[in-house]
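The block underneath contains the structure these notes are about, expressed in structure tokens.
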Amino acid sequence: MAVTAKSTITAEAIVDRNLTLEIVRVTENAAIAAAHWRGKGDEKSADRAAVEAMREELGKISVDGRVVIGEGERDEAPMLFIGEEVGIGKGAKVDIAVDPLEGTTLCAKNQHDSLAVLAMAERGGLLHAPDVYMEKIAVGPGYEPGIIDLDRTPTENVEAIAKARGVSVADVTVCVLDRPRHAHIIDELREIGASIKLINDGDIAGVIHTTDRDETGIDLYMGTGGAPEGVLAAAALRCVGGQMQGRLVLDSDEKRVRATRLGITDHKRKYAVDELASGDVLFAATGVTDGSMLDGVKIRPKHVETSTIVMRSWSKTVRQINARHLRDI
């Protein structure tokens with residue numbers, strides 16, 4: 001197993017380091033299970049395989065955990081549902097957010113940036129977001145607080161990043177989910193001459209791309225996507241000191257009722273990154289298909305190779321873990 005780290009963990013965090021490796025095994029197993037369904041056009045089977053593998057491995061880790069972002073309410077999903085207790089029931093009390101297969105369509109079509117994703121935080125540290133849309137804007141580390149804002153125009157946000165970097169607007173790249181609802185954003189960005197990275201699916205990966213601009217070339221993420229995915233992405237940004245804002249799109253009585261049921265009373269609130277994911281946060285993502293930051297699962301005759309990024313907010317540690325798993329022959 002090859003491991004590189006961008007900072008070190010002190011002796012005070014040895015237990016947490018072990019837990020970090022445990023959650024890596026969770027995302028690795030989910031990614032391997034999903035990888036057997038790459039390119040087969042069967043989203044449901046790919047997702048089911050990832051869910052079952054992730055749930056099995058979560059049952060082995062040393063935490064008293066509960067799922068706050070998962071596969072649905074108790075009556076909608078057989079496992080990894082919101083409120084399900086996971087872990088061995090001993091150890092730290094934590095909240096867990098999962099997306100066993102981020103980008104099911106990407107996996108089914110064998111396209112870039114399908115991931116298995118998990119975030120873990122102290123109990124109460126992750127927003128209990130309903131399965132609705134969320135307006136999002138995100139930027140990676142290294143900028144003054146408040147450099148981006150949902151209530152500014154795309155032009156204003158891009159100009160702020162360009163000024164901070166000391167470059168022209170043309171040198172700023174914005175990641176946007178390719179959807180008709182984002183036509184006005186795309187048109188405005190093209191009008192000012194900014195570069196756009198359009199993605200077909202998987203906006204967790206889109207946000208994560210901002211965490212390492214030198215590797216991905218992406219400065220900003222903006223647009224509307226899933227709220228649960230927004231919480232997972234915020235967990236990654238917390239770990240590296242990035243910035244993000246999110247606002248739930250509660251445009252019907254039914255959605256507002258669901259949000260209230262989860263404890264959200266301010267339906268127009270603009271959440272900062274540390275309100276979406278607070279306290280000590282761990283985040284892991286394993287590539288299912290090849291992507292800008294992670295290689296996909298490689299299935300060899302006698303072993304399987306995985307590529308995972310794992311982060312922790314307390315130490316601002318980012319590790320890239322490339323692992324080789326022997327296959328049962």
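The first residue in the sequence is number 1, and the count goes up from there.
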Test salt bridge (Lys or Arg N to Asp or Glu O under 4.0 Å) on E275 and R269 and set out the steps. CA-CA 11 Å; E275 295 172 315; R269 182 171 179 173; 2.7 Å; yes
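- Environment of CD in E85: sparse, with no more than 12 heavy atoms of neighbouring residues, nucleotides or ligands closer than 6.0 Å.
- Residues R48 and S45 bring a donor and an acceptor atom of their side chains to less than 3.5 Å of each other.
- The minimum heavy-atom distance between A129 and V231, with the atom names listed, is CB-CG2, 3.9 Å.
- Here the closest heavy-atom approach between residue G287 and residue L115 is recorded as CA-CD2, 3.9 Å.
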Verify side-chain contact (heavy atoms from CB on, under 4.5 Å) between L189 and V158, making sure each step is shown before the conclusion. CA-CA 8 Å; L189 291 173; V158 169; 3.6 Å; yes
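- At distances below 3.5 Å, at least one donor-acceptor pair connects side-chain atoms of R181 with backbone N or O atoms of T224.
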Full working for salt bridge (Lys or Arg N to Asp or Glu O under 4.0 Å) between R238 and D274: CA-CA 7 Å; R238 269 291 320 287; D274 57 359; over 6 Å; no
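- Taking CD1 from I309 and CD1 from I208, the interatomic distance works out to 7.0 Å, rounded to the nearest 0.5 Å.
- T306 and H325 form a side-chain donor-acceptor contact under 3.5 Å, judged by distance and modelled atom types alone.
- Interatomic distance, OG of S195 versus CG of D219, reported as 9.0 Å (0.5 Å rounding).
- Residues E159 and K163 are not paired through a salt bridge, judged by the lack of any N-O separation under 4.0 Å between the basic side chain and the carboxylate.
- Ion pairing of R256 with D253 is present here, as a side-chain N (NZ or NE/NH1/NH2) and a carboxylate O approach within less than 4.0 Å.
- Remark: R247 fails to qualify as a cation-pi partner of Y133 under the 6.0 Å distance and 45° angle criteria applied to the six-membered ring.
- Residues I96 and L58 are in side-chain contact: their nearest non-hydrogen atoms beyond the backbone lie under 4.5 Å apart.
- Look at D95 and R66 and you find a salt bridge, because one of the NZ, NE, NH1 or NH2 atoms lies within 4.0 Å of a carboxylate O, short of that distance.
- The pair K90-D64 does not count as a salt bridge, with every side-chain nitrogen at least 4.0 angstrom from each carboxylate oxygen.
- For the pair P130 and L248, the minimum side-chain heavy-atom distance is below 4.5 Å.
- Side-chain N or O atoms of D113 include one that pairs as donor or acceptor with a backbone N or O of S292 at under 3.5 Å.
- Remark: the S307 side chain and the Q320 side chain contain an N/O donor-acceptor pair separated by less than 3.5 Å.
- Across L80 and P100, no two heavy atoms sit closer than the pair CD1-CG, 3.8 Å.
- M79 and V51 make their closest contact through CG-CG1, 3.4 Å (heavy atoms, listed as atom of the first residue, atom of the second, distance).
- The backbone N or O of V281 sits less than 3.5 Å from a side-chain atom of S313, completing a donor-acceptor pair.
- Put simply, the side chain of R324 never gets that close to the backbone of V304: no donor and acceptor are under 3.5 Å apart.
- Closest non-hydrogen pair, L276 versus G246, comes out as CD1-N, 4.4 Å.
- Counting heavy atoms from C-beta outward, V86 and E84 have side chains that approach closer than 4.5 Å.
- In this structure the side chain of T155 never reaches within 4.5 angstrom of the side chain of E191, judged on heavy atoms.
- Between D201 and K109, none of the side-chain N atoms (NZ, or NE/NH1/NH2) sits under 4.0 Å from a carboxylate O, so this pair counts as no salt bridge.
- For E22 (side chain) and S62 (main-chain N/O), a donor-acceptor pair under 3.5 Å exists by modelled atom type.
- Under a hydrophobic clustering in which Ile, Leu, Val, Met, Phe, Trp and Tyr are joined whenever their side-chain heavy atoms come within less than 4.5 Å, directly or via other members, I185 and V249 fall into different clusters.
- Taking the charged nitrogens against the carboxylate oxygens, E57 and K60 do have a contact shorter than 4.0 Å, which makes a salt bridge.
- In this model, no donor atom of one side chain and acceptor atom of the other lie less than 3.5 Å apart for T289 and Q111.
- Checked by atom type and distance alone, the side chain of K255 never pairs as donor or acceptor with a backbone atom of S252 at under 3.5 Å.
- A distance of 7.5 Å separates CD1 in I199 from NE2 in H209, rounded to the nearest 0.5 Å.
- A salt bridge between K298 and D290 is present, with a side-chain N of the basic residue lying under 4.0 Å from a carboxylate O of the acidic one.
- Linking ILVMFWY side-chain heavy atoms closer than 4.5 Å, directly or via other members, places I23 and V94 in a single hydrophobic cluster.
- Clustering ILVMFWY residues whenever any of their side-chain heavy atoms sit less than 4.5 angstrom apart, transitively, puts I69 in the very cluster that holds L237.
- R327 places a side-chain N or O within 3.5 Å of a backbone atom of R300 that can act as its donor or acceptor partner.
- Between I264 and Y271, some side-chain heavy-atom pair lies under the 4.5 Å cut-off.
- Counting heavy atoms from C-beta on, the side chains of T286 and N29 never come closer than 4.5 Å.
- Taken from CG in D99 to OG1 in T27, the straight-line distance is 12.0 Å, to the nearest 0.5 Å.
- No hydrogens or angles considered: nothing links the side chains of S114 and E102 as a donor-acceptor pair under 3.5 Å.
- Hydrophobic clustering (ILVMFWY, side-chain heavy atoms < 4.5 Å, transitive): Y143 and V207 are in distinct clusters.
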Given R55 and E52, is the side-chain contact (heavy atoms from CB on, under 4.5 Å) satisfied, shown in steps? CA-CA 5 Å; R55 178 62 183 85; E52 290 175 353; 5.9 Å; no
Derivation of the side-chain contact (heavy atoms from CB on, under 4.5 Å) call for V117 and V98: CA-CA 6 Å; V117 183; V98 299; over 6 Å; no
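- Between D203 and Y221 the shortest side-chain heavy-atom distance falls below 4.5 Å.
- Taking a cutoff of 4.0 Å between a charged side-chain nitrogen and a carboxylate oxygen, R165 and D171 do not qualify as a salt bridge.
- For E156, the CD atom is densely surrounded, since the number of other residues' heavy atoms within 6.0 Å is greater than 12.
- Considering CD of E122 and CG of L282, their distance stands at 10.0 Å, rounded to 0.5 Å.
- Remark: the backbone N or O of G226 is paired with a side-chain donor or acceptor of K136 at under 3.5 angstrom.
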Stepwise, does the salt bridge (Lys or Arg N to Asp or Glu O under 4.0 Å) test hold for R190 with D187? CA-CA 5 Å; R190 284 182 172 153; D187 289 346; 5.4 Å; no
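- Formation of a donor-acceptor pair under 3.5 Å by the Q243 side chain with backbone atoms of E144 is found in this model.
- Residues L198 and L220 share a single hydrophobic cluster, defined by chaining ILVMFWY side chains whose heavy atoms lie under 4.5 Å apart.
- Under the 4.5 Å side-chain criterion, counting only non-hydrogen atoms from C-beta, T308 is not in contact with R319.
- Separation of atoms CE (M222) and CG (L177) is listed at 13.5 Å; rounding is to 0.5 Å.
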Taking it one step at a time, do M244 and I137 satisfy side-chain contact (heavy atoms from CB on, under 4.5 Å)? CA-CA 6 Å; M244 179 175 174; I137 186 166; over 6 Å; no
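- Side-chain atoms of D295 never come within 3.5 Å of backbone atoms of G291 as a donor-acceptor pair (strictly under, hydrogens ignored).
- Here the closest non-hydrogen pair linking A35 and V297 is CB-CB, 3.6 Å.
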